Amino acid sequence: MADIYDFNAVERKWQAYWDAHRCFEAEKDHTKPKFYALVEFPYPSGAGMHVGHIKAYTSLEVLSRKRRMQGYNVLFPMGFDSFGLPAENYAIKTNTHPHVITTANIEHFKDQMKRVGYSFDWSREIATSVPDYYKWTQWIFLKLFDHGLVFRAKTLVNYCPNCKVVLSNEDSQGGKCDVCHSDVVQLPKDVWYLKITAYADKLLNGLNDVDYPDSIKQQEIDWIGKSVGAFVNFRLKDIPEALEIYTTRCDTLFGVTFMVIAPEHPMLDKYRDRIQNWDEVEAYRAACAKKTEFERTQLSKEKTGVRLEGFTAINPVSGREIPVFIADYVMMGYGTGAIMAVPAHDQRDWEFAKKFGVEIIPVIEGGDIEKEAYTGDGRMINSDFLNAYDNKKDSIAAMLDYLGAHRLGRKGIQYKMKDWAFNRQRYWGEPIPLIHCEKCGTVGVPYEELPLRLPDVENFAPGTDGQSPLARIESFVNCTCPQCGGKAKRETDTMPQWAGSSWYYLRFIDPHNDKVFCDPEEMRYWMPVDWYNGGMEHVTRHLLYSRFWHHFLYDIGEVNTPEPYAKRTYQGLILGPDGDKMSKSKGNVVDPVSVIERLGADTLRLYVMFMGDYMAATPWNEDSANGCKRFLDRVWRLQDMVKGEGYTDDEMRTKVNACIKKVGEDYERMKFNTAIAAMMTLVNDFYAKGSLTKDEFRTLLQLLNPVAPHISEELNERLGFTPLHHAAWPQFDPSALVENTVEYGVQVNGKVRARIKLPVGMEQKAIVDAALALDDVKPFVEGKTIRKTIVVKNIINLVVG
RNA sequence: GCGAUUGUGGUGGAACGGCAUACACAACGGACUUAAAAUCCGUCGGGGAAACCUUGCGGGUUCAAAUCCCGCCAAUCGCACCA
């Protein structure tokens, strides 16, 4: 009898072995087929690993181990996204340097990852907060600056009053701060932007060339939000300037009976003298400014607004004079901040018109505009030269021609995506390598001076005046202009959270290079990332940002592929045992380390892969995890049942080979749960037989190794074989899968009545006759006419009547 | 409001249009134990004598539907007055 399965001892033993033999370092050999598997590197929080990390990493861990066994040169790296607000907030609270906190957290994370037994290539570990790394983040930033993709503008920005930082649009989704979930407010501020909108079309088109799930592509497409429409100029009565609007419905131009501009629109201040009810306007603007973005965008909210007295527009096609309003349902941040209102065919405009008593003129036939706006298609009416047309498309084209010919408007494209607000008024981030010179303007720090190091400070708290702590360090701020040599000041804001992660997959390829960010030859071999797994929450943030940077680097010839990631997948959430999202406040958080201590790392890995469909959200179930431990115990005890070599018999030969095929295919499809189920079935078969051969056992261990590497290595060693980590992945023998009988289900009128086993290759008539002769079938066909018989695969269907 | 995803036993979940409920968990029964744990063996959608019913609900296509189509309902996620 074998000893009992001491998972703790076995796991420590093999982890030490892998470390000592550097088993998982990618090879220099560029002649081998490569597999670059990437999982999102974590932010090293003080809490350590979460079971969500386990699910995110174990999938590609399994694929990486399998591919290594298949002879691929595998790059499966890990590092840390170590700049960020939580470390800084903790630093302020405890008055410890964020660097100290971050270093300790990284060690903690690394230790935990090793205890899970991950086959990461630790020789390539990186951290985004290390100068050797952020030197190149700054380098890419300067390249963006040199190519005109960095600009400064004073506009309304998303601002988190709690974190005291400006947030990008992506970081304030739903009107909440991404870090602390406070309500975001809109403030006019002067900030740096990266011109991601210049890459909107490339980001859209690039989706055609990558293997992402449709749900991810769709989310990116929606976020970018491309729309094709027209800019149209409306003349204003007694005012020399025209009011420009953006519309996707210029077919309805004859139905425009009023205009609405956003409360923040600059024309208001410009022509305040002409607005006779300025007091009323100003009061309305003040009321709007108080509302949060979230409140303002509540769709259900009743329309409000103020008519501008003395400010009248002229419909460019009908020549009619129309009133102009300000209303907060029009946003300054989209289009031109002004709209033409077509109450007959836009529900928002309809509601507004009803409330303010504005005329409603239908221009498309259909619907009942007394009840609501008609947004469907139809024949054009009340529209002069468009009256001949029937649908949107033709009338839009005709209208665009007309507008162009009369210089009233032009075709235009708009995106919902906004430029990337790229600075934080905080300490723990990459210093922005720019210098402000009174004579030369904004100048980049010379490339040879990189990295621009983050100076030490005493006090990490942001300034009350909205400035970074760096602004208080004179030795940092004051410098000379690299262009004219005169006195100058450094930019004191730092880069946002997402900067370092926007290119980290490139650094993993060549992490220690101090000449270039990545050696081109290494890059040609390893890029693109073959398979990238991560969270759905990063689709409209990190994924978009890094694709943007990569497209830019491709355009300037620094990388060899337009898209960084050939294939992207995501993991479903692990919910708490109560079925709710895990959260500290609910007290339903499962700690992976405690699972390792109770059940072992192999069980943790096995359970997380077995618990359900990989991409679906599944609640944690401790009993079920226990069942996975029980399975590994059963595998352990198989060592006492080993008898002989080769195959036990033909039946087992078929079953083992079928299992090889199924497990290999299921791993690649991320159907880990069914792969594991197939191995469980095989183990049950071994138990039913009461024995298994050495070779059958070895095959099982090879299949199991990617998921449960420790126990399989140990048992494999006990069998006397060489280690599995680079051993050949088993190949199935197709001849073993060829069956000489088929078991048919016999249906009568589509209902299963019997089963029958027949030799392969029988004539259809003989098969049907055999089915008809069955006792279970006879009662259902006797005295009836057989109208049709169908024999497909393993079904015989007899249609009688 | 728009978009995406999902709805299958007590539970997690299987199922290229082809034998629904694989594999587990829980529960129950048995064996082994003085006993318990562990282990092993069995039962396990409903209803029953059988027929029959059963993949959220209602239609449809098909020899055959959990799967495809149409209409509802519910849940989750994302976007949200985007002009």
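Bear in mind that the values here come from a model prediction, so they are computed numbers and not experimental data. Sequence lines set the chain letters: A, B, ... in the order given, protein chains first and strands last, and positions in each chain run from 1.
Picking from B:C23, B:C63, B:C82 the nucleotide with the shortest atom distance to the side chain of A:Lys416 gives B:C82. Here B:A83 is the nucleotide among B:A83, B:A4, B:A14 with the atom lying nearest to any side-chain atom of A:Arg348. Here B:C40 is the nucleotide among B:C40, B:A83, B:C25 with the atom lying nearest to any side-chain atom of A:Tyr687. Of all nucleotides listed (B:G18, B:A83, B:A4), B:G18 comes nearest to the side chain of A:Ile795. The side chain of A:Ser215 has B:A4 as its nearest neighbour among B:A4, B:G12, B:A64. Considering only the side chain of A:Arg753, B:C52 comes nearest among B:G3, B:C52, B:C23. Minimum atom distance to the side chain of A:Asn673 is reached by B:G13, of the listed B:G13, B:G18, B:A24. Closest to the side chain of A:Ala677, out of B:G18, B:C23, B:C81, is B:C23. Residue A:Val799 has its side chain nearest to B:C63 when only B:C63, B:C40, B:A83 are considered. The side chain of A:Asn794 approaches B:G18 more closely than any other nucleotide in the set B:G18, B:A80, B:C81.
Within the structure, a side-chain polar atom (N or O) of A:Lys751 is placed less than 4.0 Å from OP1 or OP2 of B:C53. For the OP1/OP2 pair of B:A26 and a distance below 4.0 Å, the side-chain nitrogens and oxygens of A:Asn626 include no atom meeting the criterion. For A:Arg630 and B:C25, the shortest distance from a side-chain N or O to OP1 or OP2 is below 4.0 Å. One finds no side-chain N or O of A:Thr674 lying less than 4.0 angstrom from the OP1 or OP2 phosphate oxygen of B:G13. In this model, the phosphate group of B:A38 is not approached by any side-chain N or O of A:Arg637 to a distance below 4.0 Å at OP1 or OP2. The side chain of A:Tyr334 contributes an N or O atom lying less than 4.0 Å from OP1 or OP2 of B:A83.
A:Asn749 places its CG atom 8 Å from the P atom of B:A64, with the value rounded to the nearest Å. Between A:Arg669 atom CZ and B:A15 atom C1' there is a gap of 11 Å when expressed in whole angstrom units. At whole-Å resolution of the value, CZ in A:Phe780 and P in B:C63 are 22 Å apart. With rounding to whole Å, A:Ile413 atom CD1 is found 19 Å from B:C82 atom P.
A salt bridge links A:Asp201 to A:Lys226: at least one charged side-chain nitrogen sits closer than 4.0 Å to a carboxylate oxygen.
Remark: A:Arg307 fails to qualify as a cation-pi partner of A:Phe356 under the 6.0 Å distance and 45° angle criteria applied to the six-membered ring.
Annotated as syn: B:G9, whose O4'-C1'-N torsion sits within 90° of 0.
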Item to check | Stepwise side-chain hydrogen bond (donor to acceptor under 3.5 Å, both in side chains) test for A:His542 and A:Glu40 | outcome: CA-CA 10 Å; A:His542 158 67; A:Glu40 288 171 346; 4.7 Å; no
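Taking a pair to require two hydrogen-bonding distances under 3.5 Å in either a Watson-Crick or a G-U wobble arrangement, B:G18 pairs with B:C63. Nucleotide B:G42 forms a pair with B:C28, judged by Watson-Crick or G-U wobble geometry with both contacts under 3.5 Å. If you check B:G1 for Watson-Crick or wobble pairing at under 3.5 angstrom, you find it paired to B:C79.
Between A:Tyr329 and A:Thr304, the side chains place no donor N or O within less than 3.5 Å of an acceptor N or O (distance only, hydrogens not considered). For A:Ser59 and A:Tyr570, the side-chain atoms include no donor-acceptor pair closer than 3.5 Å. Residues A:Glu743 and A:Asn794 bring no donor and acceptor atom of their side chains to less than 3.5 Å of each other.
Nearest-nucleotide positions on RNA chain B for A:Ser624 and A:Tyr415 put A:Ser624 closer to the 5' end. Both A:Asp623 and A:Ala754 sit near RNA chain B, but only A:Ala754 has its closest nucleotide nearer the 5' end.
Separation of the C1' atoms belonging to B:A66 and B:G48 is 25 Å when rounded to the nearest angstrom. Atom P of B:G7 sits at a distance of 12 Å from the matching atom of B:G12, rounded to the whole Å.
Here the rule is ring-ring contact (aromatic ring centres under 6.0 Å, His included) with A:Tyr246, and of A:Phe231, A:Phe234, A:Tyr415 only A:Phe231 fits it.
Counting atom types as modelled, A:Lys303 pairs a side-chain N or O with a base atom of B:C81 as donor and acceptor under 3.5 Å.
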